[in-house]
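In this chain, numbering begins with 1 at the start of the sequence shown.
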Amino acid sequence: MWSAKEIQSQLAIINGQEAPDIVIENATYLHSIFKKWVQGNIWIQGNRIVYVGERMPAMLEGTECVNASEKKIVPGYIEPHVHPFQLYNPETFADYASRRGTTTFLSDNLLLFTMLDKQSAFTFIDQLNELPFSFYWWARVDSQTVLQNEKELFNPEDIAQWMERPDVLMTGELTGWPRLLQGDQSMMRSVAKSKRLRKKVEGHFPGASERTLARMKLLGADGDHEAMTVEEVERRLQQGYATTLRYSSIRPDLPDLLKGIVEKEWDVFDHLMMTTDGSTPSFYREGVMDQCIQIALDAGVPPIDAYQMASYNVARYYDITDLHSVIATGRFATLNFLENEHNPVPTDVLSKGKWMLRDSQSTAAFEAVDWDALPIFELPYELTDEDFSFPSSLGIQMVNDVITKIYESNLDLTSPTIISSDECYLMLVDKNGKWRVNTLLKGFANNLQGFASSYSNTGDILLIGQDWQEMKRAFNEMKRMGGGMALAENGKIIETLPLAVAGGLSSQPMEVIIEEELAMKKALGERGYAHGDAVYTLLFLQSVHLPHVRITPVGVVHVLKNELLIPKIER
């Protein structure tokens, strides 16, 4: 972590032979182990705290001295469950989040695992490590959809090479847990490997019964973030799970969960964490983990417990307290300066020895990633009239943003337009142009002529609309942009959201992405989308970890029955 030369320099500071880079004087800081506010001085060299205590350095030549007598200092916040590919990318998300004090991220590797070979993915991660943030990763063991090459892609040997990286702390999340329960040998091998390497295994068990939770615990699951009621929190804690409470754009459960825990007077906050679970960009206008801490404070959680749920509890669970979440010698110099403990929005942020925020003003953005490492988005085909054939009257009906059910349509499926209906044509087209899946989608919109998106669970193309020609027009615009979302109507392109990085991510700052997302959601809302989060709807149309019917690369499937309802069509 630190070279011998760096450590010798750090020791020389303690011995009074060299001056530190930064000294935080008269600090009142949260000591995570004592769980109380402590006073002292903090010496920093490079990205490391070299001393915390009453003393001042013998040498101060060239040292930046910061008087913190009017502030409270807490460890930098940790987001323990990040999907850093929700239109934004890991770099832009981390830069944005850091300005509100969230500087450490435990991130989903699904996109990197499926789009890149291992060496390219690891090079990408190494570039991220050059930034003044702390990135840690998951090792996925399933795709959360149905792929023809699932077993080949998610093989134990490749997954093990991810697990062996020191910055991979977690296996999962286990969206495909029913397969594990049924004895899937590949998943069993991966989970067993994870346990041998002492990596945590994260479940994905929405609505799970006590029996299911017990069985999954025996199979190796350590934690879960899917509790939606206080009773479900209790069930997980009783079974010995590390329990992460969620506040996301589709599951904003945190206020009710914490209110219930406080009312029940459970002394369990040392065993809880919080997450925003990869929300879409506009959800973060009010902050990241600082938003969760404020909710905890508003619910009556004691301030120290609220801060520890977003820092020390996470670091302790993942065994990284030697680096994070303890303001003490040897740790990363990652600190949030607060006006007081009742306001978690920092006035100053220091991340690995670099200032992100000074006197409430952001410093310059940090950039390190070569986005050319990701594949260029190119569609080697055109859509033809033959692609717009719909073989079955069975379709997908939306119950809410992400839950669906099967229905049967009475529409004339040979008509190129749908008039006065909340039904749309729905297509999933292979990004390589080899196959397509055609069905219907009810409850998405009632006046949507053509919409195309390269943002999807698999990176294949989603088309939704009530006019075949406008669906084709939207497709052509999305292709021309080099990926993204496009909405077409009456011969014109009405709205776009460019995703120039591999057709699924934006390279723009979060502030720009937020405005683009809101504009697209507004346009869809004006055309009948009435659910909470259209971006998550697009992502989860293919996700078989949710009931009941999904469009996947093999066709339309009934999840619970494991039944193929409409097969794919070769192009």
Side-chain angles (χ1 to χ4, degrees), residues 83 108 110 114 140-151 153-154 172-184 186-187 202-209 211-213 215-216 219 221 224-226 228 232 248 250-251 277-278 390-409 423-424 426-428 430 435-444 456-460 462 464 531-569:
H83 300 271
D108 187 357
L110 183 60
T114 56
R140 283 274 198 165
V141 296
D142 67 273
S143 69
Q144 77 180 24
T145 187
V146 180
L147 300 176
Q148 291 177 296
N149 64 336
E150 174 105 5
K151 289 186 177 180
L153 182 60
F154 287 86
E173 55 184 309
L174 297 179
T175 51
W177 62 268
R179 286 166 41 200
L180 185 62
L181 203 56
Q182 295 160 9
D184 183 285
S186 291
M187 292 185 74
E202 179 71 6
H204 184 98
F205 310 139
S209 66
R211 180 169 177 263
T212 294
L213 290 171
R215 290 189 293 175
M216 294 311 301
L219 285 166
D224 184 73
H225 59 285
E226 291 289 334
M228 293 176 279
E232 291 185 347
S248 75
I250 57 172
R251 291 300 324 178
D277 198 8
F390 294 81
S392 172
S393 60
L394 294 179
I396 300 171
Q397 181 173 353
M398 294 178 58
V399 177
N400 60 28
D401 311 51
V402 298
I403 304 300
T404 63
K405 65 180 181 180
I406 193 170
Y407 87 105
E408 186 159 3
S409 175
E423 294 177 81
C424 293
L426 170 64
M427 298 168 59
L428 180 67
D430 175 30
W435 51 261
R436 60 181 170 87
V437 180
N438 292 40
T439 186
L440 297 159
L441 181 62
K442 182 178 176 63
F444 183 85
S456 68
N457 185 281
T458 58
D460 298 307
L462 286 167
I464 306 172
H531 303 287
D533 196 326
V535 174
Y536 253 105
T537 295
L538 297 174
L539 183 68
F540 281 168
L541 278 173
Q542 297 167 272
S543 298
V544 296
H545 64 286
L546 294 167
H548 289 276
V549 56
R550 302 285 153 180
I551 187 168
T552 78
V554 303
V556 177
V557 298
H558 193 295
V559 175
L560 297 181
K561 295 181 180 179
N562 195 26
E563 178 183 355
L564 182 62
L565 301 175
I566 304 172
K568 68 173 184 179
I569 299 169

query = After noting the C-alpha distance and the side-chain angles of Val559 and Leu546, does the key distance pass the side chain to side chain contact (heavy atoms under 4.5 Å, CB included) rule?
reply = CA-CA 8 Å; Val559 175; Leu546 294 167; over 6 Å; no
Close side-chain approach of [X] and [Y], heavy atoms under 4.5 Å:
| X | Y | value |
| --- | --- | --- |
| His545 | Phe540 | yes |
| Ser392 | Thr439 | no |
| Leu394 | Glu408 | yes |
| Tyr536 | Asp401 | no |

Does [Y] offer a backbone N or O that forms a donor-acceptor pair with the side chain of [X] under 3.5 Å?
| X | Y | value |
| --- | --- | --- |
| Thr404 | Val549 | yes |
| Asp277 | Ser248 | no |
| Asn457 | Gln542 | no |
| Asp460 | Leu428 | no |
| His204 | Gly172 | no |

Glu173 versus His225, side-chain donor and acceptor atoms under 3.5 Å = yes
If I take atom [atom1] from residue [X] and atom [atom2] from residue [Y], how far apart are they, to the nearest 0.5 angstrom?
| X | Y | atom1 | atom2 | answer |
| --- | --- | --- | --- | --- |
| Glu150 | Gln144 | CD | CD | 10.0 Å |
| Phe444 | Leu541 | CZ | CG | 7.5 Å |
| Ile551 | Lys568 | CD1 | NZ | 13.0 Å |
| Leu441 | Gln397 | CG | CD | 9.5 Å |
| Thr175 | Phe205 | OG1 | CZ | 10.0 Å |
| Ile406 | Leu440 | CD1 | CG | 11.0 Å |

ask   = Take atom CG in Asn149; do more than 12 heavy atoms of anything else shown fall under 6.0 Å from it?
value = yes
Which heavy atom of [X] sits nearest to which heavy atom of [Y], and what is that distance?
| X | Y | result |
| --- | --- | --- |
| Ser456 | Leu462 | CB-CD1, 3.9 Å |
| Thr552 | Val557 | CG2-CG2, 3.8 Å |
| Arg550 | Ser543 | CD-O, 3.2 Å |
| Pro553 | Thr458 | CG-CG2, 4.1 Å |
| Leu426 | Phe390 | O-CE2, 3.8 Å |
| Ser143 | Leu110 | O-CD2, 4.0 Å |

ask   = Given the rule in the side chain to side chain contact (heavy atoms under 4.5 Å, CB included) test, do Met216 and Leu180 qualify, once you have shown the distances and angles that lead to the verdict?
value = CA-CA 8 Å; Met216 294 311 301; Leu180 185 62; 3.7 Å; yes
